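Everything below concerns the one structure shown next.
Since the structure is predicted, the reported quantities are computational estimates derived from the model, not experimental observations. We count ligands from 1, going down the list as the structure has it; atoms in each ligand are counted the same way.
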Amino acid sequence: MADALTMIEHVGQLEGTKVVYVGDGNNIVHSWLLLAAVIPFHFVCACPKGFEPDQETVEKARQAGVSKIEITNDPKEAVRDADVVYADVWASMGQKEEASHRRQVFQGFQVDEQLMKLAGKKAYFMHCLPAERGVEVTDGVIEAPNSIVFPQAENRMHAQNAIMLHVLGL
Ligand SMILES: NC(=O)NCCC[C@H](N)C(=O)O
């Protein structure tokens with residue numbers, strides 16, 4: 001929800017946009033897939049072979065028939081014409097012992113200046129944080145003017161406040 005809010009604030013809307021996630025097909029991808037089942041946009045997950053998101057969640061999102069959903073192993077092709085390029089750590093919580101192996105497998109999946117150039121001028125960069133700078137994203141990309149990771153982080157507080165008010169019926 002925080003990510004959707006951030007896109008509305010910066011891109012103008014989520015509907016009809018192209019969001020390209022580059023990296024591990026993890027919990028963040030599953031959240032994007034669930035969002036894609038209710039709001040129409042184009043979601044692409046570019047991940048190494050063997051690190052695709054859960055097939056059942058992909059099918060659930062596709063069967064909703066709301067969004068265009070692509071899973072690919074080619075980040076360079078995936079990012080073309082993206083409105084948002086999105087990254088997350090390659091080794092999530094509970095996987096830190098796999099970090100060194102994953103750094104080898106995920107070569108070519110770093111979001112760097114070259115990949116952002118392929119994405120095009122309109123592309124924003126997002127990351128759920130915490131980031132491992134120099135691993136899944138370069139310093140240059142996360143600090144660039146089109147990086148919206150810090151307003152994205154602030155929006156988690158606003159989104160979570162809204163969820164609590166909703167749950168409490170206030
Ligand atoms: N601020 C956040 O909630 N970040 C999510 C971190 C997701 C990452 N894939 C993890 O599970 O460690």
Side-chain angles (χ1 to χ4, degrees), residues 1-11 14 17 19-39 41 43-61 67 69-73 75 78-79 82-112 115-116 119 123-139 141-144 146-167:
M1 285 185 67
D3 292 353
L5 172 60
T6 308
M7 285 193 60
I8 291 165
E9 284 179 348
H10 292 269
V11 182
L14 172 55
T17 63
V19 177
V20 182
Y21 174 100
V22 180
D24 183 29
N26 62 17
N27 45 4
I28 294 296
V29 177
H30 297 150
S31 295
W32 274 107
L33 288 167
L34 296 178
L35 194 59
V38 289
I39 294 177
F41 62 100
F43 179 68
V44 188
C45 171
C47 52
K49 280 195 172 60
F51 291 85
E52 288 85 1
D54 170 55
Q55 189 55 35
E56 205 178 305
T57 310
V58 174
E59 282 313 312
K60 188 174 172 179
S67 295
I69 291 161
E70 293 180 283
I71 312 297
T72 173
N73 305 120
V79 296
D83 293 286
V84 164
V85 177
Y86 198 112
D88 185 16
V89 288
W90 291 342
S92 283
M93 291 173 287
Q95 299 172 331
K96 296 302 178 190
E97 71 287 352
E98 294 174 30
S100 127
H101 169 65
R102 283 175 177 247
R103 280 187 192 202
Q104 289 167 27
V105 177
F106 282 70
Q107 288 308 310
F109 287 82
Q110 184 187 61
V111 180
D112 59 11
L115 197 67
M116 289 306 292
Y124 286 97
F125 175 71
M126 294 177 72
H127 192 304
C128 56
L129 302 181
E132 294 194 28
R133 290 169 179 241
V135 182
E136 76 275 5
V137 60
T138 60
D139 265 329
V141 167
I142 205 166
E143 295 291 352
N146 62 332
S147 166
I148 51 175
V149 300
F150 299 114
Q152 180 188 359
E154 178 189 332
N155 280 340
R156 274 193 285 282
M157 176 181 69
H158 302 308
Q160 286 163 15
N161 282 343
I163 292 166
M164 282 194 287
L165 288 176
H166 179 73
V167 166

Review point. Measuring from each atom of ligand 1, which residues have a heavy atom under 4.0 Å away?
Key: Asn26, Asn27, Ile28, Asp88, Ser92, Met93, Cys128, Leu129, Arg156
Study note, to complete from the structure: Smallest heavy-atom separation, Ile71 atom then Pro53 atom, equals CD1-CG, 3.8 Å
Check your understanding: Can you list the residues that meet the side-chain hydrogen bond (donor to acceptor under 3.5 Å, both in side chains) rule with Gln95, with sequence neighbours excluded?
Key -> none
Practice item. Could you list the residues that satisfy ring pair (Phe, Tyr, Trp, His ring centres under 6.0 Å) with Phe51, not counting sequence neighbours? Key: Phe106
Listed pairs under 3.5 Å, donor-acceptor, residues 149-156 side chains, sequence neighbours left out:
from	atom 1	to	atom 2	distance (Å)
Gln152	OE1	His127	N	2.9
Gln152	NE2	Asp3	OD1	2.9
Gln152	NE2	Tyr86	OH	3.2
Gln152	NE2	His127	O	3.3
Glu154	OE2	His158	NE2	2.9
Asn155	ND2	Thr6	OG1	2.9
Asn155	ND2	Glu9	OE1	3.1
Asn155	ND2	Pro151	O	3.4
Arg156	NH1	Cys128	O	3.2
Arg156	NH2	Cys128	O	2.9

Review point. Parallel under 30°, tilted from 30 to 60°, perpendicular over 60°: which one fits the rings of Phe43 and Trp32?
Key: parallel
**Study point:** Check ion pair Arg133-Glu143 (N to O, under 4.0 angstrom)
**Key:** yes
